[in-house]
Number of protein chains: 2
Amino acid sequence: MTTMQRDGRKARGEKRRQEIIEATLRVIERDGVAGVTHRSVAREAGIPTASITYHFATLDDLLIATLISCARDMATEVYWMIDRARSREGLRRSSGSPYSGPSAADEVSALLAEALGPRRGRTMAEYELYLLAARRPSLRPAARRWLDVLTSMVKHDDEVAFRVFLAGIDGLLIQGLIDDEPPTAEELRPVVEYLLNPTERRRRARQEA
Amino acid sequence: MTTMQRDGRKARGEKRRQEIIEATLRVIERDGVAGVTHRSVAREAGIPTASITYHFATLDDLLIATLISCARDMATEVYWMIDRARSREGLRRSSGSPYSGPSAADEVSALLAEALGPRRGRTMAEYELYLLAARRPSLRPAARRWLDVLTSMVKHDDEVAFRVFLAGIDGLLIQGLIDDEPPTAEELRPVVEYLLNPTERRRRARQEA
DNA sequence: AGAGTATCTGAACGAACGTCCAGGAAGTTC
DNA sequence: GAACTTCCTGGACGTTCGTTCAGATACTCT
């Protein structure tokens, strides 16, 4: 009984798989899907080249596994984000004191600014997935995942306004990627407010009725 | 004086350049940027491989020239589209009879449906340009071209509503690319109407005042 | 006609690629 | 510790790639 690994062989293999996927994602963030080769990923992960072909039958399998993993992570983030926002709203309702924290528009625009600033590489990776999914139907469920999470979690009394909101988010992100410098949360807020407002207005109207 | 070509050598070279660019665009539409190689383009154009390196110093030059050409074509299309719409609006105003042709929302949604249906490949090519521009600043002016044309031609009294409209178009397009089947104009119209309405409402209000 | 120049191309080169494989290392079971 | 399974990897193979280049062809000009 040493201080060494406690995992079985299978667990070690799974860990390696994850390391390879993470290294692949870093390569995609840095150089795009075009930069993904057995050798570049192996260099990034600090492992031998043949180790990749052992864990992934083909390079395409690796790419697909990576993009699906990336999409799953993002969907999970969206899930928790909404969850946090919801519990906060619950607090706001139960307490009688006036709420003065960040508004929904504040939070969404901050999130977009983050996606276009520090997490730019990750955002680009997401849209590489979009484009790959456009050509390969098998990838589409993964690409739509964060949209599905939003759709199923947020109550949308106005179907059309909600679709506009989703499209607006994607449009702001992809247009932000080709700006010379990433837009700040302050610059984005008016647009986000505009995207959210109609929904909010109707919801408030419904609650007052 | 035969019935042969009348163009000088220079003109012939320029024509070849164009043919190569068009073949490259077809390859991108079919297989994406990843499918562009000297040999695949040469096969598509029906010319020898070395002919490409003669007209384009590097494969990257060819790719950039093709995507810029594609962006220029699209900007030109947007230009004429707005021009036609404007002259039609002029007619509508001058004639006293009630106008019953297609509304702006009708036309925009028909255009989007076309971009996601028959012209799907071209639309994908456009977003490949977007993604490439995200990584290469020198490509960004080309990628923004159609946005600039719209911005400079359409009078936008409400800056925010206009930015929402532009983002919405991009979002609808890129989300339409990952739908299992392309959305129809009828499905898109309510969303487009919603994107256009606020602007229209304010414009009408201004005209009535 | 002949010099000059732009256009064109078959063939080849070196580099990078995806993938394979024989064999070694590590862990598990008896 | 022996048998067995899984994990791992250095090295090699055949392919495709971007690019080069010497020489051929087509056109212009004087």
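The chains referred to below are lettered A, B, ... by the order of the sequence lines, with proteins before strands, and numbering in each begins at 1.
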Would you call [X]-[Y] a salt bridge at under 4.0 Å N-O?
{"X": "B:Arg145", "Y": "B:Asp73", "result": "no"}
{"X": "B:Arg163", "Y": "B:Asp158", "result": "no"}
{"X": "A:Arg120", "Y": "A:Glu114", "result": "no"}
{"X": "A:Arg84", "Y": "A:Glu107", "result": "no"}

Check whether any side-chain N or O of [X] sits under 4.0 Å from OP1 or OP2 of [N], and answer yes or no.
{"X": "B:Arg12", "N": "D:dC27", "answer": "yes"}
{"X": "A:Thr58", "N": "C:dT19", "answer": "yes"}
{"X": "A:Arg43", "N": "C:dA16", "answer": "no"}

Spacing of [X] atom [atom1] relative to [N] atom [atom2], expressed in whole Å:
{"X": "A:Arg17", "N": "D:dC8", "atom1": "CZ", "atom2": "C1'", "answer": "16 Å"}
{"X": "A:Leu62", "N": "C:dT19", "atom1": "CG", "atom2": "P", "answer": "10 Å"}
{"X": "A:Leu59", "N": "C:dA16", "atom1": "CG", "atom2": "C1'", "answer": "13 Å"}
{"X": "A:His38", "N": "D:dA12", "atom1": "NE2", "atom2": "P", "answer": "19 Å"}
{"X": "A:Ile20", "N": "D:dC7", "atom1": "CD1", "atom2": "C1'", "answer": "12 Å"}
{"X": "B:Tyr54", "N": "D:dA26", "atom1": "OH", "atom2": "P", "answer": "15 Å"}
{"X": "A:Leu63", "N": "C:dT19", "atom1": "CG", "atom2": "P", "answer": "12 Å"}
{"X": "B:Asp61", "N": "D:dG18", "atom1": "CG", "atom2": "P", "answer": "13 Å"}

Problem - Which residue lies more 5' along DNA chain D, comparing B:Asp60 with A:Ile47 via nearest heavy atoms - result: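 Nearest nucleotide further toward 5': that of A:Ile47.
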Of all the choices, [options], which nucleotide is nearest to the side chain of [X] once you look at every atom?
{"X": "A:Ser51", "options": "D:dT9, D:dC27, C:dT19", "result": "D:dT9"}
{"X": "A:Ala50", "options": "C:dT9, D:dG18, D:dG11", "result": "D:dG11"}
{"X": "A:His55", "options": "D:dC8, C:dT9, D:dC17", "result": "D:dC8"}

Practice task
Remember a base hit wins even if backbone is also touched, and classify B:Thr53 as base, sugar-phosphate or nothing at under 4.0 Å, heavy atoms.
Solution key: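 Base, at least one base atom sits under 4.0 Å.
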Exercise for the section: For B:Arg39, report the nucleic acid contact type (base, sugar-phosphate, nothing); a contact means any heavy atom under 4.0 Å. Expected result: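 The answer is base, as B:Arg39 lies within the cut-off (heavy atoms under 4.0 Å) of a base atom.
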Practice task
Output the distance between atom CD1 (A:Ile52) and atom CZ (A:Arg39), rounded to the nearest 0.5 Å.
Solution key: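 One finds 10.0 Å between CD1 of A:Ile52 and CZ of A:Arg39.
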